[in-house]
Amino acid sequence: MKPLNRMEPITPSQRSEVLISGKRITKVFGYGKQRTAALDEVDFAFREGEIVSIVGESGSGKTTLAKIMMGLLKESSGEIQYRGIPRQLGNHRQRKQYWKDIQAIFQDPFSSFNQFYRVEKLLLDCLKLQGLQLSRDMQFERMKEACTFVNLKFEELYNKYPFELSGGQMQRLMIARIFLLQPKLLIADEPTSMVDACSRSTILDMLLKLRDENRMTIVFITHDVGLAYYVSDTLYIMEKGRVVESGPAERVILEPAHPYTRQLIEDVPKIHEEWNLG
Ligand SMILES: Nc1ncnc2c1ncn2[C@@H]1O[C@H](COP(=O)(O)OP(=O)(O)OP(=O)(O)O)[C@@H](O)[C@H]1O
Ligand SMILES: [Mg+2]
């Protein structure tokens with residue numbers, strides 16, 4: 001297969017530290033006949049500043065893994081380590097600390113915002129979450145800066161409610177929040193599925209810029225192997241709750257070892273055209 005043009009990844013050095021890892025993560029839903037093993041002994045390790053994509057068909061366990069990483073769902077067995085030590089989320093203080101470092105963007109931007117809060121409050125809350133003591137002027141400066149970063153005009157939007165924004169504006173607002181929150185780990189579950197191809201690449205570019213500036217680790221969750229190849233340093237391929245293959249994106253795409261990966265890659269030329277990657 002002819003190699004595709006892709007963005008040159010800023011591969012994190014092997015010395016950069018593992019931010020989050022999981023050993024034999026298993027998640028079982030339900031009992032008896034209803035029992036589903038959504039994850040079956042999944043291992044992973046994501047480094048600081050690394051961009052990882054988790055690719056797999058619908059129902060393969062991607063969102064379940066994301067929720068476990070975020071601490072929204074408890075694993076049935078296995079261990080998550082954060083910064084080299086077992087993650088503890090037993091008490092409120094531990095959860096608060098952990099959730100300061102981790103943010104997610106979900107498929108549907110409508111569900112990401114409290115619809116009763118105006119844009120100004122949604123952004124202001126991010127500054128408060130960071131525990132920064134800023135003057136009112138400084139708060140405005142930071143919020144404006146975040147909006148400018150995502151090509152939104154704070155003056156036009158601050159007084160609006162999320163339901164008064166377009167889908168694309170909402171997506172941008174989500175990224176403005178990430179800009180303010182500066183998480184260590186960003187999990188983006190199909191963040192671009194609701195927008196057209198043009199805003200899609202803008203959104204990705206914004207996220208990649210944030211990674212470069214903040215050394216944020218980004219985990220993209222997607223069905224789209226072309227997109228994953230385009231943006232990632234590392235790929236994890238999931239099938240039926242298992243990671244069937246993982247490694248540097250170039251290696252996984254150009255020399256796939258698992259039949260399921262090969263099957264996914266058969267769609268790439270089509271996606272390649274759609275991405276207009278030359
Ligand atoms: N709360 C739940 N209760 C019972 N089963 C669940 C629950 N959440 C997920 N599952 C099951 O676990 C499996 C994995 O689901 P998951 O949402 O992780 O898949 P996914 O890879 O994110 O799929 P998609 O690409 O469609 O978003 C599916 O079989 C799903 O039905
Ligand atoms: Mg999902």
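Numbering starts at 1 and runs along the sequence shown. In listed order, ligands and their atoms are each counted from 1. Worth knowing before you read on, the calculation uses all heavy atoms, side chains too, and leaves out hydrogens, waters and symmetry mates. What you are looking at is a predicted structure, and each value in this text was computed from that prediction instead of being measured.
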Q. Below 6.0 angstrom between ring centroids: does that apply to F163 and F113?
A. no
Q. What part of H223, side chain from CB on, backbone N/CA/C/O, both or neither, has a heavy atom under 4.0 Å from ligand 1?
A. side chain
Q. Heavy-atom contacts under 4.0 Å between T36 and ligand 1: side chain, backbone, both, or neither?
A. side chain
Enumerated ligand 1 atoms positioned under 4.0 Å from heavy atoms of [X]:
X: G61; result: 14 (C), 18 (O), 19 (O), 20 (P), 21 (O)
X: E57; result: 21 (O)
X: T64; result: 14 (C), 15 (O), 16 (P), 18 (O)
X: S60; result: 19 (O), 21 (O)

Q) What residues form a side chain to side chain donor-acceptor pair (under 3.5 Å) with Y98, not counting sequence neighbours? A) R87
Q) Taking the non-hydrogen atoms of K67, is any one of them nearer than 4.0 angstrom to ligand 1? A) no
Q: Determine, considering heavy atoms only, which of S58, G56, G30 sits nearest to atom 24 (P) of ligand 1.
A: S58
Q. On the ring face of Y158, is K160 found with NZ or CZ under 6.0 Å from the centre and within 45° of the axis?
A. no
Q.
Is there a side-chain hydrogen bond (donor to acceptor under 3.5 Å, both in side chains) between Q81 and E79? Walk through the geometry before answering.
A. CA-CA 6 Å; Q81 292 211 343; E79 182 180 79; 3.1 Å; yes
Q) According to a 4.5 Å side-chain heavy-atom criterion applied to Ile, Leu, Val, Met, Phe, Trp and Tyr, with indirect links allowed, do L181 and V219 form part of one hydrophobic cluster? A) no
Q: Apply the side chain to side chain contact (heavy atoms under 4.5 Å, CB included) test between L65 and each candidate in K27, M70, M238, E75; give the one that qualifies.
A: M238
(Q) Check this for me - ligand 1, G59, N or O atoms closer than 3.5 angstrom, yes or no? (A) yes
Q. Is any N, O or S atom of T64 under 2.8 Å away from the Mg ion (ligand 2)?
A. no
Q. Are S60 and E239 close enough that a side-chain donor and a side-chain acceptor fall under 3.5 Å?
A. no
